[in-house]
There are 2 protein chains.
Amino acid sequence: MAVTTRRADAQRNIAAILTAAAECLSRDPAASTSDIAKAAGVGRVTLYGHFPSRAELIDAVFVQAIATGEETLGQVDLTGDPREALGRLVESSWQLVDQYRALLLAAQDSLPPGRVRELHADPMARVERLLERGRDEGVFRTDLPTSWLVSVMHNVMHGAASEIHAGRITSDQAAPYITATLLAAFRSD
Amino acid sequence: MAVTTRRADAQRNIAAILTAAAECLSRDPAASTSDIAKAAGVGRVTLYGHFPSRAELIDAVFVQAIATGEETLGQVDLTGDPREALGRLVESSWQLVDQYRALLLAAQDSLPPGRVRELHADPMARVERLLERGRDEGVFRTDLPTSWLVSVMHNVMHGAASEIHAGRITSDQAAPYITATLLAAFRSD
DNA sequence: CTCTTGTCGAACACCAGTGTACGAGTTACC
DNA sequence: GGTAACTCGTACACTGGTGTTCGACAAGAG
């Protein structure tokens, strides 16, 4: 693709649209292209000039969100006691989950089925690796599939995000609650 | 209300609409009133004659679903060892969760915020009572709020439903997985 | 400085859904 | 068998989104 030759203002607009979309969709998963274009300080036509459809825009936003998330998660120290590593991973992960909660909803009903999971491959692999190491070292249970444990972690974190959103727990409580729950749920014997 | 005086065919139609709506919405949370009316073998106008809006129809369906669910759950023996009681409760609950999964989604984006939780008051209270008894008897942990534990149970069950829906686990595996996970997550010490 | 690339707003066609109006027809009730 | 309650299909008005087209205009690249 000769996408390399893109005029400077076009690149600026694309970036503006992406960040505006991330903001809007995080506030309201049903945000329209008009809302997003307006928030980006750009005409709706310009938006469609860069993204052929609302779905492809959401896909791009999602890809970007995962990428920046991965940047954060990549810096988490996952060595040492797997239980403490899990704690550190939860600490970083759950904030991302909370932040991108609404965006996930938008993706789920605009993107083809399976696409969301596909884009989650990297973060999921990271969790899986840690869990498997913990199993090898005998601190995590082996009587349930790793994929199930990953799913439990995912759902507990999203549940916490909902609880915060509903005002039933505070942001500070979330990480310790999640960690305490998962460590108990995952431990061996 | 003199609703007592309702012609027989009207009552039949109302019932048909409710069950058709439950079916349609369970298949597709975005099912339209046309779809539902068609499935009920009834004109769309008739539907609106009984339910002033799509939202109120969904509310009625949801109320009915909760009621029939409560009927099932009311028969679960919650006495004896709280851990075994939890297992029995999970066994009955998770199937309802799986069955009404999509209906819940429909309710969540058609009903006013808080309404869904409001209607869940009874089943939630049942779980809470069991958990508190387990705490009193020293078998369930007390270092986390009961409401959090209830939320964990809720989210793990819904997560299981998603896994089934995506074909990653089978219906048979779900209950044991859920129970094994929750018992570990909830146990004291 | 010119020419390509991009932007803008307004307008348009389109679609899918919700809720209402009407008038003719049917069904239960007494 | 008469009457009130109910149903039906069609048609309509309205809403709110998506995606496209147009022509005039602005801005960056060489």
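Chain identifiers are assigned alphabetically (A, B, ...) following the order of the sequence lines, protein sequences preceding nucleic acid strands; residue numbering begins at 1 within each chain.
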*Asks:* Can you check whether B:T33 has a side-chain N or O nearer than 4.0 Å to OP1 or OP2 of C:dT18?
*Replies:* yes
*Asks:* Give, ordered by number, those residues of residues 37-50 of chain B having at least one heavy-atom distance below 4.0 Å to an atom of DNA chain D; if nothing qualifies, reply none.
*Replies:* B:G41, B:V42, B:G43, B:R44, B:V45, B:T46, B:H50
*Asks:* Assess whether a salt bridge exists between B:R129 and B:D136, defined as any Lys/Arg side-chain N lying under 4.0 Å from an Asp/Glu carboxylate O.
*Replies:*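 A salt bridge is absent here (no side-chain N lies under 4.0 Å from a carboxylate O).
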*Asks:* If we count only N and O atoms by modelled type, under 3.5 Å, do the side chains of A:W94 and A:T179 hold a donor and an acceptor together?
*Replies:*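 Their side chains do not contain a donor-acceptor pair, so the 3.5 Å distance test is not met.
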*Asks:* From CZ of A:F51 over to C1' of D:dT18, roughly how many Å is that when rounded to an integer?
*Replies:* 16 Å
*Asks:* So, does A:N13 get its side chain near the phosphate of C:dG6, meaning an N or O under 4.0 Å from OP1 or OP2?
*Replies:*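 For C:dG6, OP1/OP2 do not have a side-chain N/O of A:N13 under 4.0 Å.
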*Asks:* Is the shortest distance from a Lys or Arg side-chain nitrogen in A:R115 or A:E118 to a carboxylate oxygen in the other one below 4.0 Å?
*Replies:*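 Judged by the 4.0 Å cut-off on N to carboxylate O distance, A:R115 and A:E118 do form a salt bridge.
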*Asks:* Could you check how far CG of B:D28 sits from C1' of C:dA16, rounded to whole Å?
*Replies:*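 About 13 Å, once rounded to whole Å.
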*Asks:* Could you write nucleotides 24-30 of chain C as a row of B, S and -, 5' to 3', where a protein heavy atom under 4.0 Å of any base atom gives B, of only sugar-phosphate atoms gives S, and otherwise -?
*Replies:* ---BSS-
*Asks:* According to ring-ring contact (aromatic ring centres under 6.0 Å, His included), who are the partners of A:H50, at least two apart in sequence or on a separate chain?
*Replies:* none
*Asks:* Run the side-chain contact (heavy atoms from CB on, under 4.5 Å) test on B:W148 and A:Q173 for me, step by step, so that the C-alpha distance in whole Å, both residues' side-chain angles and the decisive distance to 0.1 Å come before the verdict.
*Replies:* CA-CA 11 Å; B:W148 167 257; A:Q173 296 168 323; over 6 Å; no
*Asks:* Once you round it to whole Å, what is the distance between C1' of D:dT18 and CG of A:D109?
*Replies:*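 It works out to 15 Å between those atoms.
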*Asks:* Does B:H120 have its ring centroid less than 6.0 Å away from the ring centroid of B:F62?
*Replies:*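 Yes; B:F62 has its ring centre under 6.0 Å from that of B:H120.
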*Asks:* To the nearest 0.5 Å, how far apart are CG in A:L104 and CD in A:Q99?
*Replies:*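 Going from CG on A:L104 over to CD on A:Q99, the span is 13.0 Å.
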*Asks:* Rounded off to whole Å, could you give me the CG-to-P distance for the A:L25 and D:dG17 pair?
*Replies:* 13 Å
*Asks:* Rounded to whole Å, please give me the gap between CD1 in B:I58 and C1' in C:dG17.
*Replies:* 13 Å
*Asks:* How many angstroms lie between CG in A:L73 and OG in A:S92, if you round to the nearest 0.5 Å?
*Replies:*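 The CG atom of A:L73 sits 6.0 Å away from the OG atom of A:S92.
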*Asks:* A:Q11 CD to C:dT7 C1': how many Å, rounded?
*Replies:* 15 Å
*Asks:* Taking only the side-chain heavy atoms of B:S53 (C-beta and beyond), determine which of C:dG19, D:dT7, D:dT18 contains the nearest atom.
*Replies:* C:dG19
*Asks:* Report whether A:V139 and A:F186 are members of the same hydrophobic cluster (ILVMFWY, side-chain heavy atoms less than 4.5 Å apart, transitive linking).
*Replies:* yes
*Asks:* Can you tell me how far P of D:dA5 sits from CD1 of B:I14, to the nearest Å?
*Replies:* 15 Å
